[in-house]
Amino acid sequence: NVTNDTTPTFAGVAAANASVTVFNDADLDNVFDAGEAFVTTTANGAGAWSVTFPALPEGFTPVSAFVTAASGLRSPINFQDITIDTTGPA
């Protein structure tokens with residue numbers, strides 16, 4: 001997926017009122033590490049959620065996410081990576 005939006009919005013469905021964390025998986029290990037940009041939100045009562053990232057750099061951006069249930073159990077969410085291209089074709 002290629003976009004020129006440096007502050008992309010991601011959305012999905014999780015368990016009602018669950019915590020959702022979306023992060024820039026810079027080292028491609030599918031693990032949220034210190035220093036990786038992230039945004040956390042809470043799904044609404046129907047489970048819907050969305051987050052808008054702060055400005056991300058141009059280029060390939062691997063994106064991963066996980067849901068944290070009230071019990072503290074984390075479950076991964078699969079996302080497609082994005083490429084941010086603000087210059088377009090030459």
Side-chain angles (χ1 to χ4, degrees):
N1 293 335
V2 178
T3 182
N4 64 359
D5 184 357
T6 61
T7 58
T9 298
F10 298 93
V13 178
N17 305 310
S19 173
V20 178
T21 301
V22 180
F23 62 99
N24 175 2
D25 190 18
D27 58 3
L28 301 173
D29 67 353
N30 220 17
V31 175
F32 177 48
D33 301 307
E36 292 178 330
F38 71 97
V39 181
T40 298
T41 190
T42 301
N44 67 20
W49 60 268
S50 69
V51 295
T52 300
F53 251 89
L56 291 170
E58 187 162 355
F60 177 71
T61 302
V63 177
S64 292
F66 58 85
V67 175
T68 305
S71 66
L73 179 66
R74 284 186 177 179
S75 300
I77 300 173
N78 292 328
F79 267 96
Q80 291 185 333
D81 299 327
I82 61 172
T83 298
I84 298 174
D85 181 0
T86 60
T87 57

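These values consider heavy atoms only, across backbone and side chains, with no hydrogens, waters or symmetry-generated copies.
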Same apolar cluster (I L V M F W Y, side chains within < 4.5 Å links), F66/V39: no
More than 12 heavy atoms from other groups under 6.0 Å of CZ on F32: yes
Hydrophobic cluster membership, I77 vs V63, 4.5 Å side-chain cutoff: yes
For T3 against D5, the heavy-atom pair lying closest together: OG1-N, 3.0 Å
Test item: side-chain donor near acceptor, T87 and D85, under 3.5 Å: yes
Worked check of side chain to side chain contact (heavy atoms under 4.5 Å, CB included) between F10 and I82: CA-CA 11 Å; F10 298 93; I82 61 172; 4.1 Å; yes
Of all pairs that satisfy side chain to side chain donor-acceptor pair (under 3.5 Å), the ones with a partner from residues 38-52, not counting sequence neighbours: T9-T52, T21-T40
Stepwise side chain to side chain contact (heavy atoms under 4.5 Å, CB included) check, L56 with N24: CA-CA 9 Å; L56 291 170; N24 175 2; 4.2 Å; yes
Exercise: identify the closest heavy-atom pair between P54 and T7: C-CG2, 3.9 Å
V22 with V67, same ILVMFWY side-chain cluster at under 4.5 Å: yes
Transitive ILVMFWY side-chain link I84 to V51, under 4.5 Å: yes
Shortest non-hydrogen contact from A14 toward A43: CB-CB, 4.5 Å
